[in-house]
Trainee: 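This is the structure, below, for whatever I ask next.
Only this structure's heavy atoms are used, side chains among them; waters, hydrogens and symmetry mates stay out.
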Amino acid sequence: MQHWEQSGYEPSLPITEKSNPITTDIDRADPNGIVQMLEKCDAEMFQKTVHEDSMYQKLNSCSVIQTMVDISKKVEMILKDPENSLIVLSGCGTSGRVAFLLATSFNRWLAALHENQIYSYIIAGGDKALLTSQEAPEDNPSLGALMLDKVCSGKKHVLFFGISCGLSAPFVAGQLHLCLNNLEVFTPVLVGFNPVNMARTELMRDFPSNFRKIAEKMSEMQKHQRAFVLNPAVGPEAITGSSRMKGGSATKLMLETVLLAGHEAMYNKTAVTPDGELALIEMNEKVHKVTYSKNKKLAALVQKAGVSLRGKGHVYYLGWQTLGIIGIIDASECIPTFGAAFEDIRGFICRGFSEINNKEGDLSSEGLHFSISHKDFVKRILPSLSDNDMVIFLFSVHDDLNEVSELAKCVGHNTSNIHALIHDLDGHCVPDSIKGLFMTALNITWPSSLYEQRSILMNQHWELSTKWCLNAISTGAHILKGKVYKNYMIDLRVTNSKLYRRAIGMLQRFTNSTQTQSETALLKSIYFVEELTEEISSADVTQHTLTANQKDQVVPTALVMLQTGCSLAEAKSHLDAHPVIRDAVAACLRLS
Ligand code: S6P
C-alpha cells in the first residue's frame, strides 16, 4: 500500500489534491532525480489492486474494468445508429484538451471508414482554451449545460463523457445535471480520479446541487446502466493538484481504451471483454516502461530546458501532426501551472490551424498566442533565436522527413541548442543522417508487431509517450528555475474557486494558520490592502478570483505576511529581494 493510501494521510483532501510522498523533495533534485520521481509517480497509474476490498479501486481493478466494458458496449450501440447519435466529450483545462484530442482522432478514424463523424468535444472557454489558459469558465455550471444542450440539439441518443479529474468542475457538474434530467436522450459518464465520497461539496453559482450529490446519483444509476462513474485512483500528482500530468494521461489512455474497444466491436466484430480492455491498458503500461527507459536522455533535455529558462531564454516545441498538438498543449499549460510568461515555452505545429481540426477554425487573428504554425515560428521567432533558446522537434518516421530536415538545418543556423523526440518502428527507422542534425535525439523505436492493423494505437501510444516526455521537460525546467516549493506550486494564479481553495489550503499547511487567518491574508494580498473592507469581505469567490487574475505573487505575498506577521508592503519588498520563489519561501520560513 502506498503512503498516500493510508486513511490518516492528509485526510481532509481528495486524492487529486493530496501531495505525493514520492516527490516531496523534487525541488531539491537534479534532472536525473526529477525524471526518476516522475517515472515512479506515473507508474502509480498502473499499480495493481492487491486486495479487491482495498480502500481505493485502481485502473486494473475488476470493478473499473467491468465499468469500462459496459461503457464500450454503449459506444458500440451509438455507432450502430450514427444518424441520430452523438458521443460528446467535455471538460475544463487539460480535461477539455484531452476531450478535443480524442474526439478529433476518433472522428478521423470514422472519416477514413466513410462513416458519419459522431464525436464532438466541449472545452470550457471555447477553442481559445485549447491553446491558452481560460480557468474562469470552469466555475460556471449553467454555461456548461448550455453548451452541451447546443451541441446535442436534434439528437436522439447522446453518450456524454464529463471529465473532471478532481470530480470538482462546476462546468461539468452543470452538464451532468442536464443529462440526469434527460435520461431518455443522455447516457452520462463521469470520468475522474477520486472516489465519489471525495467529490466536491462546495455550493455552486445558481445551481441546485453539488458535485458529490451528482456523482452519488450517477453511482446509483449505474446499477441500471443509465449512468456510469469511471473513477479509479491513480495517486496524487507529482506537482500537487497539477492534473495536467497524471490526470490528463490517465484520462487519455482510459477513454481511448473504452472507445477503441467499442469501435472494434462495431467494425471488426471483436467482442468487448474485460481481458480485451485489460490488454489495451497493459500496452500503455509498456509505453510507460519504454518511454522512461530513455530516462538519461530525458534528464539531459530537462537540464537543457532548465538552463534556457534560468537564463531568460525560451523553449520551443516544433511538432508534426498530433505530436505538434501535444507540444502546444504542454506549452500552454505552463502559464497557469507555473505562472510562466506566454513566451517562455511555446509549441508550434507544422501547418497550424489547417491541421488542428478544431470547431472554431483558424484563430490566428486573435493574437500572438494563436500563431502556431511552423511558418509563424520561422517568421517571428527564428530571426532572434540564439543558443540561449532550446528547440525540440517532435516527429515520427511517418512525417515528411525532408520537411523535418530542412527546418532543422534552418534552425541550426541560429542555434546549436536543437534536439528531437523521435518515434519510429523496427524495420522502419528514421535515418541517422536526420538524427545527426540534433544535439540530442531521444529516439524510441517501437516494435511493429504491436501495431499490426491497429495504426490508431500507434498514434495514441506515441502521443502519450511524447506527453510524458514534455511534461517532464516543462515541469523539470520550472523546478530548476526555482518555481516549485517542495512539491507545491505556490505561485499559482488564483483564477477559479478550486485554485482559491487550494491556495488557502497551502497557506494553512505552510504557516500553521487557521482557515480564516489564511483566507484573510489571501484576500489582503488579492486586493492589495492592509485591512479588509466590508465590501471585500462580503464579495463572493468569483469576484475574488476575477481580481486575483490581474495580480502577481498573490499567494507568496500572503504566505510571507502570515509567517512573519509583517505588513503587505513589507511582504512585497521581501519577495522583490528574492526573485526565486523557492528561496523566498525558504528564507521566510527560516526567518520566523
Ligand atoms: C491542471 C490544469 C487545469 C485543469 C482544470 C480542470 O494542471 O492546469 O486547467 O485541467 O482545472 O480540472 P479537472 O479536475 O476538472 O479535470
Trainee: Is there a donor-acceptor pair closer than 3.5 Å between any side-chain N or O of Lys246 and the backbone N or O of Met45?
Mentor: no
Trainee: Measure the spacing between CG of Leu499 and CD1 of Ile504 and express it to the nearest 0.5 Å.
Mentor: 11.5 Å
Trainee: Tell me, yes or no, whether the heavy-atom count around Leu203 atom CG, taken from other residues, nucleotides or ligands under 6.0 Å, exceeds 12.
Mentor: no
Trainee: Evaluate the side-chain proximity of Tyr121 to Val151: yes if any heavy-atom separation is below 4.5 Å, no if none is.
Mentor: no
Trainee: Hey, mind stepping through Asn471 and Asp330 against side chain to side chain contact (heavy atoms under 4.5 Å, CB included) and telling me if it holds?
Mentor: CA-CA 7 Å; Asn471 284 173; Asp330 183 88; 2.7 Å; yes
Trainee: Of Ser249, Ser168, Cys165, which meets side-chain contact (heavy atoms from CB on, under 4.5 Å) against Ser243?
Mentor: Cys165
Trainee: Quick one: does Asp42's side chain get under 4.5 Å of Trp468's, heavy atoms only?
Mentor: yes
Trainee: Keeping Glu463 on the side-chain end and Ile326 on the backbone end, is there a donor-acceptor pair under 3.5 Å?
Mentor: no
Trainee: How long is the gap from CZ on Arg97 to CD1 on Ile328, to the nearest 0.5 Å?
Mentor: 11.5 Å
Trainee: Take a 6.0 Å sphere around NZ of Lys128 and say whether it holds more than 12 heavy atoms from other residues, nucleotides or ligands.
Mentor: no
Trainee: Can you list everything that forms a side chain to side chain contact (heavy atoms under 4.5 Å, CB included) with Thr520? Sequence neighbours excluded, please.
Mentor: Thr516, Lys524, Leu532
Trainee: Atom CD of Gln460 and atom CD1 of Ile456: how far apart are they, to the nearest 0.5 Å?
Mentor: 5.0 Å
Trainee: Pick from Leu522, Leu507, Leu562: which one makes a side-chain contact (heavy atoms from CB on, under 4.5 Å) with Gln517?
Mentor: Leu562
Trainee: Under the side-chain contact (heavy atoms from CB on, under 4.5 Å) test against Lys483, which residue among Ile239, Leu492, Thr475, Asp491 passes?
Mentor: Asp491
Trainee: Mark yes when over 12 heavy atoms from residues, nucleotides or ligands other than Lys40 sit less than 6.0 Å from its NZ; otherwise mark no.
Mentor: no
Trainee: We want to know whether Glu44 and Asn20 form a side-chain donor-acceptor pair, criterion being a heavy-atom distance below 3.5 angstrom.
Mentor: yes
Trainee: Any carboxylate oxygen within less than 4.0 angstrom of a Lys/Arg side-chain nitrogen, looking at Glu17 and Arg200?
Mentor: no
Trainee: Donor-acceptor pair, distance only, cut-off 3.5 Å: does the side chain of Lys58 make one with the backbone of Pro232?
Mentor: no
Trainee: Tell me if the NZ atom of Lys150 is crowded by more than 12 foreign heavy atoms within 6.0 Å.
Mentor: no
Trainee: Check the pair Ile356 / Phe100 against side chain to side chain contact (heavy atoms under 4.5 Å, CB included), numbers first and verdict last.
Mentor: CA-CA 10 Å; Ile356 284 209; Phe100 154 77; 3.6 Å; yes
Trainee: When you check the side-chain N and O atoms of Thr104 and Asn357, is any donor under 3.5 Å from an acceptor?
Mentor: no
Trainee: What's the verdict on side chain to side chain contact (heavy atoms under 4.5 Å, CB included) for Leu363 and Asn358, showing C-alpha distance, side-chain angles and the deciding distance?
Mentor: CA-CA 10 Å; Leu363 300 174; Asn358 58 312; 4.3 Å; yes
Trainee: Would you check if there is a donor-acceptor pair between the side chains of Gln66 and Asp70 at a distance under 3.5 Å?
Mentor: yes
Trainee: Any side-chain heavy atom of Cys179 sitting closer than 4.5 Å to one from Leu148?
Mentor: yes
Trainee: Below 4.5 Å, heavy atoms only, C-beta onward: do Lys213 and Asn210 meet side chain to side chain?
Mentor: yes
Trainee: Parallel under 30°, tilted from 30 to 60°, perpendicular over 60°: which one fits the rings of Tyr527 and His544?
Mentor: perpendicular
Trainee: Within this structure, what is the CZ-NZ distance for the pair Arg226 and Lys217, rounded to the nearest 0.5 Å?
Mentor: 11.0 Å
Trainee: How about Ile122 and Phe171: do any of their side-chain heavy atoms sit closer than 4.5 Å?
Mentor: yes
Trainee: Could you state the interatomic distance from CZ (Arg502) to OG (Ser497), rounded to the nearest 0.5 Å?
Mentor: 11.0 Å
Trainee: Between Lys252 and Ala99 (side chain of the first, backbone of the second, donor and acceptor by atom type, cut-off under 3.5 Å), is there such a pair?
Mentor: no
Trainee: Without hydrogens or angle criteria, can the side chains of Thr16 and Asn194 be said to hold a donor-acceptor pair below 3.5 Å?
Mentor: yes
Trainee: Thr270 side chain to Ala265 main-chain N or O, any donor-acceptor pair under 3.5 Å?
Mentor: no
Trainee: Looking only at side chains, do Thr23 and Tyr488 share a donor and an acceptor under 3.5 Å apart?
Mentor: no
Trainee: Step through the shown structure and confirm whether more than 12 heavy atoms of other residues, nucleotides or ligands are within 6.0 Å of NZ on Lys551.
Mentor: yes
Trainee: What about Tyr56 and Trp4, are their ring centers closer than 6.0 Å?
Mentor: yes
Trainee: Does atom CD of Glu535 have more than 12 heavy-atom neighbours, drawn from other residues, nucleotides or ligands, at distances under 6.0 Å?
Mentor: no
Trainee: Please tell me if the side chains of Leu559 and Thr511 come closer than 4.5 Å, counting only heavy atoms from C-beta onward.
Mentor: yes
Trainee: With a 3.5 Å distance limit and no angle check, can you tell me whether Ser525 reaches the backbone of Ala521 through a side-chain donor-acceptor pair?
Mentor: no
Trainee: Return yes if some donor-acceptor pair links the side-chain N/O of Lys18 with the main-chain N/O of Gly235 below 3.5 Å, else return no.
Mentor: no
Trainee: Under the side chain to side chain contact (heavy atoms under 4.5 Å, CB included) rule, what do Met489 and His478 come out as? Steps first, then yes or no, please.
Mentor: CA-CA 10 Å; Met489 179 49 214; His478 281 101; over 6 Å; no
Trainee: Taking atom CD1 of Ile87 and atom CG of Asn107, what is their separation to the nearest 0.5 Å?
Mentor: 9.5 Å
Trainee: Less than 4.0 Å between a side-chain N and a carboxylate O, is that true for Arg244 and Glu333?
Mentor: yes
Trainee: Applying side chain to side chain contact (heavy atoms under 4.5 Å, CB included), can you list everything that pairs with Ala145, at least two apart in sequence or on another chain?
Mentor: Leu178
Trainee: A quick test of your reading: do over 12 heavy atoms of other residues, nucleotides or ligands sit less than 6.0 Å from CE of Met221?
Mentor: yes
Trainee: In this structure, are over 12 heavy atoms from other groups packed under 6.0 Å from Glu202 atom CD?
Mentor: yes
Trainee: Would a 4.5 Å heavy-atom cut-off, applied to side chains only, mark Tyr9 and Pro21 as touching?
Mentor: yes
Trainee: Is a salt bridge present between Lys286 and Glu282, judged by a nitrogen-to-oxygen distance below 4.0 Å?
Mentor: no
Trainee: Please check this pair: side chain of Ser164 against backbone of Ala169, looking for a donor-acceptor N/O pair closer than 3.5 Å.
Mentor: yes
Trainee: Are the side chains of Asn231 and Gln57 in touch, meaning some heavy atoms are under 4.5 Å apart?
Mentor: yes
